[in-house]
2 protein chains.
Amino acid sequence: MEKPAVQKPSRVTIREVAIDAGVSVAAVSKVLRDAYGVSESMRLKVRKSMAKLGYRPHTAARGMRGQTFTLGMILPDLRNPFFSDILAGVNSALERTQYQVLLGVSQSGTTFDDALVDSMIDRQMDGLILIGPTDQQQLLDIAKRKPLATIGNHAPGVSSYDTVNNDDYEGGTLAVRHLSSNGYRNIAMLSLITESTIITQRELGYRREMMEQELGSYINVVRARQTMREVQIAAKKLLEAPDRPEAIFCWTDFIALEVISVATEMGLSIPRDLAVVGYDNTMYCDFAQNSLTSVDQSGELLGLQSVRLLIERIKGRTESEHFVVTPRVVARNSSADRLG
Amino acid sequence: MEKPAVQKPSRVTIREVAIDAGVSVAAVSKVLRDAYGVSESMRLKVRKSMAKLGYRPHTAARGMRGQTFTLGMILPDLRNPFFSDILAGVNSALERTQYQVLLGVSQSGTTFDDALVDSMIDRQMDGLILIGPTDQQQLLDIAKRKPLATIGNHAPGVSSYDTVNNDDYEGGTLAVRHLSSNGYRNIAMLSLITESTIITQRELGYRREMMEQELGSYINVVRARQTMREVQIAAKKLLEAPDRPEAIFCWTDFIALEVISVATEMGLSIPRDLAVVGYDNTMYCDFAQNSLTSVDQSGELLGLQSVRLLIERIKGRTESEHFVVTPRVVARNSSADRLG
DNA sequence: CTGAAAGCGCTTACAG
DNA sequence: CTGAAAGCGCTTACAG
């Protein structure tokens, strides 16, 4: 390996701060960590020297013995604007702390990319926020190694890590109730091929509420992978069937938009010929050409809570917390009242 | 600060590998780094012990003296699916290397959030890929501290860092040429309030080609910030003017979709009453309800090249490289031929 | 309250 | 080709 071209302008270290302030290296370290056992006058002196010299703690060195004050967050992809909402919440929770969040994107399917998880642990992240996959064995293994909080993974019985979720069962219920009260009866669900507990819950909510509304004979759950091609095929199949549904409840907005696209290309009109409801209430729902009704699960709140719980756990909490927020339907034109 | 609850299962260190393999610690380090001066037999022995013990290098410790094999990438936001294309290219470039990429999101406007940049440097990232802001002074300062490559920043004269871009001037030119050849004459541009060189180039290409097509009298550049509200206001103002444009060229897809939304709500039909062209050719262009013509700048290629250049620079290259890819128009219904 | 010293897990000259 | 030793910039018991 050749010599790196980086010409380090010799970083200011804790030692130089100590000399400048006329105190010991240990003292500076204590001030840095806000540890107890330091007099006010020393604290002031040290802070002054830090500012004067432009001292910045060296994260790798801190990580060798203590914390890195870095949280790792893994997203399943970067296409779904829902993650932008979550991140907004994460950032606002981090604002007044020493922590920073660094993101990784795991392209894999039902589990997190082990290489990425390992790499975050190798980099001494203090804790992990994992979004998406719900392989319990993997999550339990990770929780053994690092403080962990998940988003989008129902595991109410787990004690070794924290979870943050919206009530997906309720979300499925609300979607059906909304469509039913707007006059739709033949309501299908376009779901995801996955082991994910959140998808399972949405499906369950859909099924139960269909029964509840005495629409049990219309229950129809079609599952597809999260690729454009597979979604198109699934949507076409639904729309070309002799008992074409009057409405389709989709597991995420992204997919709902694709369904609108397929329906439009088939000459169907939304919502006259077909109503569509999505999930996540992302910004694309608001566009007039979509005007997509969607279940809002408060991404920002989920992000905020995940950070709060994770930092608590890093600081020593050992019992688990499982935070759940109630979703709500944001009605738009794509599911307008049939009679209206 | 309380004691962290992490029960480290005592990581396998380089020392234990050395003992197991019956060699020195230095030897293991050399094998780890693929450094020269190690016999084949020793290399084999060491690798075997590493595998047997499940050794994983401790990134923070490596970072204290050498490299961390971590690249930092900063995105301006998570809403634009264009960044997903870039990341796909980044990942495929990284596939056969030891490097990993970690993402940060900087919400600020015309410069990168210094706190985020500093934090990546504090964390001993080996190099940085920065997307978006183009404050030259800031970029030059960063380049002094770390190997740097930018995406979406034209700086052909700079020698201290590398740049990767599409030819935004050509992109602006192509958009106008496409619209003009499809019969549109009164073509406005909806641009971004920014110092960004890529926006400047797109505007310049737009203006020059309008002149070239003898449409100079129609030149009209309106600038707005990247918020829904401001874009709506700007779009409405354009569409309510007495000399309403026949076509609007938007600086990114995202904004183009919002223009379609505003136009649709005003009762205008796309493309009969208004043609729209976007930029980035993101996946949302394909939806039938959008069917948005867009300038494709090959995000994947940009991501790939940025990694290639950055790693070269980390390995010691000091002259700069400025990679430019030629964009192309992907025509869809939103700009269909007026006569057709 | 304050500080000297050991040590975190590596890499890097430097001898051999 | 191989290894002993110093050191990267911090934190952590442990004395004082």
Side-chain angles (χ1 to χ4, degrees), chain A residues 1-4 6 8-46 49-50 53-70 98 121-124 126, chain B residues 1-4 6 8-46 49-50 53-70 98 121-124 126:
Chain A
M1 186 141 312
E2 294 156 57
K3 188 162 40 148
V6 209
K8 317 218 164 170
S10 66
R11 254 188 119 86
V12 177
T13 71
I14 206 178
R15 163 162 286 116
E16 297 169 56
V17 173
I19 292 169
D20 184 84
V23 302
S24 74
V25 162
V28 178
S29 172
K30 277 176 194 156
V31 173
L32 192 60
R33 286 173 291 126
D34 276 323
Y36 58 91
V38 194
S39 69
E40 195 53 33
S41 70
M42 173 176 273
R43 191 181 302 281
L44 251 46
K45 263 196 306 192
V46 170
S49 294
M50 281 180 174
L53 301 177
Y55 170 75
R56 298 193 55 81
H58 188 294
T59 309
R62 302 187 80 173
M64 296 275 316
R65 305 222 29 130
Q67 295 186 246
T68 57
F69 296 98
T70 309
Q98 297 191 66
I121 294 176
D122 294 344
R123 282 163 182 73
Q124 298 296 107
D126 292 336
Chain B
M1 187 140 309
E2 292 155 61
K3 187 162 41 151
V6 210
K8 315 217 166 172
S10 66
R11 254 188 120 85
V12 177
T13 71
I14 206 180
R15 161 162 287 118
E16 297 168 54
V17 174
I19 292 169
D20 184 84
V23 301
S24 74
V25 163
V28 177
S29 171
K30 278 176 193 155
V31 172
L32 193 60
R33 287 172 291 129
D34 275 322
Y36 58 91
V38 194
S39 70
E40 194 53 32
S41 70
M42 174 176 271
R43 190 181 305 281
L44 251 47
K45 261 195 307 191
V46 171
S49 294
M50 281 180 174
L53 301 176
Y55 170 75
R56 299 194 54 83
H58 188 294
T59 309
R62 302 186 79 172
M64 295 276 315
R65 306 217 36 125
Q67 294 185 247
T68 56
F69 296 97
T70 309
Q98 296 192 64
I121 293 177
D122 295 343
R123 281 163 182 74
Q124 297 297 105
D126 292 336

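First the proteins, then the strands, lettered A, B, ... as listed; each starts at 1. Scope of the values below: all heavy atoms of this structure, side chains included, with no hydrogens, waters or symmetry mates.
- If you measure from atom CZ of A/R56 to atom P of D/dC8, you get 21 Å, rounded to the nearest angstrom.
- Among the nucleotides D/dG3, C/dC10, C/dG3, the one closest to the side chain of B/V23 is D/dG3.
- A/V25 comes within 4.0 angstrom of a base, heavy atoms only.
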Apply the test salt bridge (charged side-chain N to carboxylate O under 4.0 Å, His left out) to residues A/D122 and B/R11: give CA-CA distance (whole Å), side-chain angles for both, the deciding distance (0.1 Å), then the verdict. CA-CA 10 Å; A/D122 294 344; B/R11 254 188 120 85; 2.8 Å; yes
Determine, step by step, whether B/R123 and A/T70 satisfy the side chain to side chain contact (heavy atoms under 4.5 Å, CB included) criterion, reporting the C-alpha distance in whole Å, the side-chain angles of both residues, the deciding distance to 0.1 Å, and the verdict. CA-CA 9 Å; B/R123 281 163 182 74; A/T70 309; 2.4 Å; yes
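- Atom pair B/Q98:CD and C/dC10:P shows a separation of 14 Å (rounding to whole Å applied).
- Side-chain proximity of B/A27 to the nucleotides D/dC1, D/dC10, D/dG3 is greatest for D/dG3.
- The distance from atom CZ of B/R62 to atom C1' of C/dT11 is 9 Å, rounded to the nearest whole Å.
- Phosphate proximity of D/dC1 to B/S39: absent, as no side-chain N or O sits under 4.0 Å from OP1 or OP2.
- Checking C/dG3, D/dG9, C/dG9 against the side-chain heavy atoms of A/T13 singles out D/dG9 as nearest.
- For A/Q124 and D/dC8, the CD to P distance is 20 Å, given to the nearest whole Å.
- Here D/dG7 presents its C1' atom at 11 Å from CE of A/M64, a figure rounded to the nearest Å.
- Taking atom CZ of residue A/R15 and atom C1' of nucleotide C/dA6, one finds them 13 Å apart after rounding to whole Å.
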Candidate pair A/D20 and A/R15, rule salt bridge (charged side-chain N to carboxylate O under 4.0 Å, His left out), full reasoning: CA-CA 9 Å; A/D20 184 84; A/R15 163 162 286 116; over 6 Å; no
Kindly determine whether A/V31 and A/K45 satisfy side chain to side chain contact (heavy atoms under 4.5 Å, CB included), including the steps that lead there. CA-CA 10 Å; A/V31 173; A/K45 263 196 306 192; over 6 Å; no
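- Straight-line distance from the NZ atom of A/K30 to the P atom of C/dA4: 11 Å, rounded to whole Å.
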Between B/S39 and B/R43, does a side chain to side chain donor-acceptor pair (under 3.5 Å) hold up when you go through it step by step? CA-CA 6 Å; B/S39 70; B/R43 190 181 305 281; over 6 Å; no
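- Between B/E40 atom CD and D/dC1 atom P there is a gap of 11 Å when expressed in whole angstrom units.
- The A/A61 side chain lies nearest to D/dG9 when the options are D/dG9, C/dT11, D/dT2.
- A/S29 has a side-chain polar atom (N or O) that falls below the 4.0 Å cut-off from OP1 or OP2 of D/dT11.
- Considering only the side chain of B/R65, C/dG9 comes nearest among D/dT12, C/dG9, D/dG9.
- When each of A/V28 and B/M42 is assigned the nucleotide of DNA chain D bearing its nearest heavy atom, the one mapping closer to the 5' terminus is B/M42.
- As the counterpart of C/dT2, D/dA15 is assigned, both hydrogen-bonding distances of the Watson-Crick or G-U wobble pattern falling under 3.5 Å.
- Nearest nucleotide to the B/R33 side chain, out of D/dA4, D/dT11, C/dT12: C/dT12.
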